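For this chain, numbers begin at 1 and follow the sequence in order. The basis for the numbers below is simple: all heavy atoms, side chains too, and nothing from hydrogens, waters or symmetry mates. A quick note: this is a predicted structure, and the numbers were derived from the prediction, not measured.
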Amino acid sequence: MLGGRDDRSVEAKGGILVLGGGFAGGYVARLLGRRGCTIVGRENFMLFTPLLPEAASGTLEPRHVVVPLRMMCPHAELVLGTATGLGRVETTEGQQVDFSYAHVVLALGAVPRTLPIPGLAEHGLGFKDLADAIHLRNHVLRELEAAAASPDPAHLSFVFVGAGYAGVEALAELADLVRDALRYYPALRDTPQRWVLVDAAPKILPEIPARLGEYAARELARRGVEIKVSTTLESVEAGAATFSDGERIPTHTLVWTAGVRPNPLLAELGLPVDERGRVLVDETLRVQGTENVWALGDCAAVPNAATPGTFDPPTSQHALRQARRLARNLTGSPRPYRYRMLGQVATLGRHKGIAEIPGFGLRLRGFLGWFV
């Protein structure tokens, strides 16, 4: 346990230091069981990120998409802070603590991928954590209030940049929120809405099979969503956004969901990384060229024995299976990680979704896709 504020050197519980308390790190700690470990994280909870859109729209309460780490990992010690090195941590109280360990696990995850676009930092809205989701919901509701108070509301305009899972699901959920909320704003009954989904790629949801992606695009278009593919954001200002095709869209709501990148701390640790900044690990999840450093989740380029020649995608189901293998490798003879994906799903608002389940040859859409 950490003592007073003067502590400078501490031994990690069970000899295992886990840096990161997300899906990857949290489940390694949980699966280590009574062996225990020390978790270092910025928050005392694990966030179920796939449900952030539902938390933003109010379909789920925010407390339903988080799990307290102390409850989830009862045999682990939790230290709130930020890793500044393999064994060095700066706590939230400002302490610099050096941990000794037999093994260190890197599960630092990813951070939003931002670009030096004029005005984005000042006027764009993020969508990475629970605070972002709550802020976005409150912002959208404030936009309705402002429009209702206007003597001549021209339009309600919402722009989402990034058409992967996060962007598509967030837009669909927020559009449902606005539709449901408008019953309480009679003054806005005839006010037109404009929902715009933008991506630099040639199609939306490139992670899923083309047929399901095309269905998602048709469903969104049927609901009035404008889809601008092969288009990039050029600039943002207080009341408008300008795009590479020359269009300037008036809006006070621009949500940036255009991907993530590995935690930048990884590049400072002197460990081998690939061109994207992910730590390189071998088939047992051990960092290449080391004996006691391991990595998994979004921060690592993880080879999968079930899919030779490819790295795992940054999804929760892969992080969970990586954590299961790594927990066993830390407590026994290391064996290669192997996992074949169960399927992929995405929601398109309330009671609508898409799902692919390869093991059963199923591709579902609409209510069945949402239900799965």
Side-chain angles (χ1 to χ4, degrees), residues 47-49 51-66 112 114 117-163 165-198 219-228 233 235-243 247-258 347-352:
L47 172 65
F48 196 86
T49 48
L51 291 180
L52 267 185
E54 285 83 351
S57 69
T59 302
L60 294 176
E61 291 292 330
R63 62 190 175 89
H64 292 156
V65 300
V66 297
T114 56
I117 297 172
L120 178 60
E122 295 81 6
H123 306 295
L125 300 173
F127 195 69
K128 174 63 176 172
D129 55 32
L130 190 58
D132 288 342
I134 295 172
H135 177 70
L136 178 57
R137 181 171 188 255
N138 291 340
H139 171 87
V140 168
L141 293 177
R142 282 196 300 269
E143 285 294 293
L144 296 183
E145 294 292 345
S150 172
D152 184 25
H155 64 278
L156 292 166
S157 181
F158 308 92
V159 179
F160 288 71
V161 180
Y165 283 116
V168 169
E169 294 183 333
L171 182 150
E173 285 288 337
L174 268 298
D176 281 348
L177 169 66
V178 170
R179 183 195 63 202
D180 291 347
L182 282 178
R183 74 184 70 174
Y184 304 107
Y185 296 87
L188 301 179
R189 185 172 303 153
D190 299 321
T191 301
Q193 296 179 44
R194 189 176 185 187
W195 294 85
V196 185
L197 181 63
V198 182
E219 176 64 23
L220 292 174
R222 185 186 65 80
R223 296 165 61 183
V225 177
E226 298 177 37
I227 299 176
K228 297 167 68 71
L233 176 67
S235 65
V236 191
E237 53 193 281
T242 303
F243 296 90
E247 184 175 11
R248 182 176 182 272
I249 300 178
T251 183
H252 293 283
T253 306
L254 183 134
V255 185
W256 179 263
T257 62
T347 59
L348 300 175
R350 295 170 189 172
H351 305 137
K352 294 183 179 66

Gap separating the CG atom of N138 from the CG atom of L141, nearest 0.5 angstrom
6.5 Å
Just wondering, do L197 and K228 contact through their side chains at under 4.5 Å, heavy atoms?
no
Heavy-atom pair of closest approach, residues L52 and A133:
CD2-CB, 3.7 Å
Set out, in order, the CA-CA distance, both residues' side-chain angles and the distance that settles side chain to side chain contact (heavy atoms under 4.5 Å, CB included) for I227 and V198, then state yes or no.
CA-CA 6 Å; I227 299 176; V198 182; over 6 Å; no
Min side-chain heavy-atom separation L171-T257 under 4.5 Å
no
Heavy atoms only: give me the nearest A181-L144 pair and the separation to one decimal.
CB-CD1, 3.8 Å
Roughly how far apart are Q193 CD and L188 CG, rounded to 0.5 Å?
9.0 Å
Are L220 and V168 packed together at the side-chain level, in the sense that at least one heavy-atom pair is separated by less than 4.5 angstrom?
yes
Side chain to side chain, V178 and L174, heavy atoms closer than 4.5 Å:
no
Does F48 reach the side chain of V66, with side-chain heavy atoms less than 4.5 Å apart?
no
Under 3.5 Å: donor-acceptor pair, side chain of E169, backbone of P53
no
So which heavy atom on S57 is nearest to which on E173, and how close?
OG-OE1, 2.7 Å
Take a 6.0 Å sphere around CZ of R142 and say whether it holds more than 12 heavy atoms from other residues, nucleotides or ligands.
yes
Going through the distances and angles, do L125 and D132 end up as a side chain to side chain contact (heavy atoms under 4.5 Å, CB included)?
CA-CA 8 Å; L125 300 173; D132 288 342; over 6 Å; no
Is R223 salt-bridged to D176, cutoff N-O under 4.0 Å?
yes
Would you compute the distance between atom OH of Y184 and atom CG of L182 and round it to the nearest 0.5 angstrom?
11.5 Å
Please answer whether the main-chain N or O of S157 pairs with a side-chain N or O of T251 as donor and acceptor at a distance below 3.5 Å.
yes
Output every pair passing salt bridge (charged side-chain N to carboxylate O under 4.0 Å, His left out) with a member in residues 185-195, not counting sequence neighbours, ordered by first then second residue.
R194-E226, R194-E247
Would a 4.5 Å heavy-atom cut-off, applied to side chains only, mark V159 and V255 as touching?
no
Please report the closest heavy-atom contact between L156 and A147, naming both atoms and the distance.
CD2-CB, 3.7 Å
Taking salt bridge (Lys or Arg N to Asp or Glu O under 4.0 Å) as the test, write out the residues that go with K128, two or more places apart.
none
Rounded to the nearest 0.5 Å, the CZ atom of F158 sits from the CD atom of E143 at a distance of 6.0 Å
Between R248 and E237, is there a salt bridge with N-O shorter than 4.0 Å?
yes
Tell me if a side-chain donor or acceptor on T242 pairs with a main-chain N or O of S235 at a distance below 3.5 Å.
no
Would you mind reporting whether F127 and F160 have side-chain heavy atoms less than 4.5 Å apart?
no
Quick one: closest heavy-atom pair of L130 and P62, and the distance?
CD1-CB, 4.0 Å
Are any non-hydrogen side-chain atoms of V196 and V161 less than 4.5 angstrom apart?
no
Counting N and O atoms only, with roles assigned by atom type, does the side chain of H123 sit under 3.5 Å from a partner on the main chain of G239, one being a donor and the other an acceptor?
no
Between T59 and E54, a side-chain donor and acceptor under 3.5 Å
no
